[in-house]
Amino acid sequence: QVQLVESGGGLVQAGGSLRLSCAVSGRTFNSYAMGWFRQVPGKEREFVAAISWTARTIVYADSVKGRFTISRDNAKKVGSLQMNSLKPEDTAVYYCAARKNVVAVSTERFYDYWGQGTQVTVSS
C-alpha cells in the first residue's frame with residue numbers, strides 16, 4: 001500500500017508564502033506523476049498543479065499560474081508545492097495525489113493515491 005502524507009499547511013496573511021510537502025512511502029511503484037488539488041467546504045475538489053515523473057511536464061491551474069511552483073525529489077520520494085503571493089481565495093484543504101503513470105494530468109479521477117490533506121488558511 002502507498003501512503004502520502006502532506007505537511008506545511010497553516011495560517012498566513014495575504015501576500016505571504018507557504019511550502020507544502022508530500023512524503024510518499026510504502027510499496028511505491030517505479031514511477032509516478034504527482035498532483036496537488038484543493039477543496040473548500042461545500043465545493044468540489046479542484047486541480048492546482050501536476051508534475052510528471054521526470055518533471056519535464058508541469059501543469060498549473062490558471063488561478064495559480066505565476067504564484068505556485070510544483071517540484072519533486074524522486075530520490076527522497078517527496079513532492080512540494082511552493083505557494084507565493086497567497087490570496088484569501090487560496091484558503092482550502094490541499095491534497096497531494098499520485099498516479100501509477102508518469103504523465104501529469106489535471107483530472108482527479110486519474111489519480112490512484114491520496115493524502116489526508118493539509119489546511120491552508122490565508123487571512124485578508
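For the single chain, residues carry numbers from 1 onward in sequence order.
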Shared ILVMFWY cluster between Y113 and V102, side chains joined below 4.5 angstrom?
->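 Yes; tracing contacts between hydrophobic side chains, which count when under 4.5 Å, links both residues.
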Could you tell me which residues satisfy salt bridge (Lys or Arg N to Asp or Glu O under 4.0 Å) with R67, sequence neighbours excluded, listed by chain and number?
-> D90
Taken in chain and number order and not counting sequence neighbours, the residues that satisfy salt bridge (Lys or Arg N to Asp or Glu O under 4.0 Å) with K76 are none
Name all pairs fulfilling the disulfide bond (SG atoms under 2.5 Å apart) condition that reach into residues 39-81, sequence neighbours left out, sorted by first residue then second.
-> none
What disulfide bond (SG atoms under 2.5 Å apart) pairs are there with at least one residue in residues 72-102, not counting sequence neighbours?
-> C22-C96
State which residues pass ring-ring contact (aromatic ring centres under 6.0 Å, His included) with F47; sequence neighbours excluded, sorted by chain then number.
->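 Counting only residues at least two positions away or on another chain, F47 forms a ring-ring contact (aromatic ring centres under 6.0 Å, His included) with F37.
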At their closest point, which heavy atom of A92 faces which heavy atom of Q119, and how far apart are they?
->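 Looking at all heavy atoms of both residues, the closest pair is O-NE2, 3.4 Å.
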Do you know the tightest heavy-atom contact between V24 and V2?
-> CG1-CG1, 4.0 Å
Is the W36-Y95 ring centre distance short of 6.0 angstrom?
->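 Aromatic pair excluded; centres sit 6.0 Å or further apart.
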Give, for atom [atom1] of [X] and atom [atom2] of [Y], the distance between the pair rounded to the nearest 0.5 Å.
X	Y	atom1	atom2	answer
T54	R72	OG1	CZ	8.5 Å
I58	F68	CD1	CZ	14.5 Å
I51	T57	CD1	OG1	9.0 Å

Sequence neighbours excluded, every pair satisfying side chain to side chain donor-acceptor pair (under 3.5 Å) that has a member inside residues 102-111 =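 Side chain to side chain donor-acceptor pair (under 3.5 Å) check on residues 102-111 returns R45-E108.
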N74 side chain vs W53 backbone, donor-acceptor pair below 3.5 Å | yes
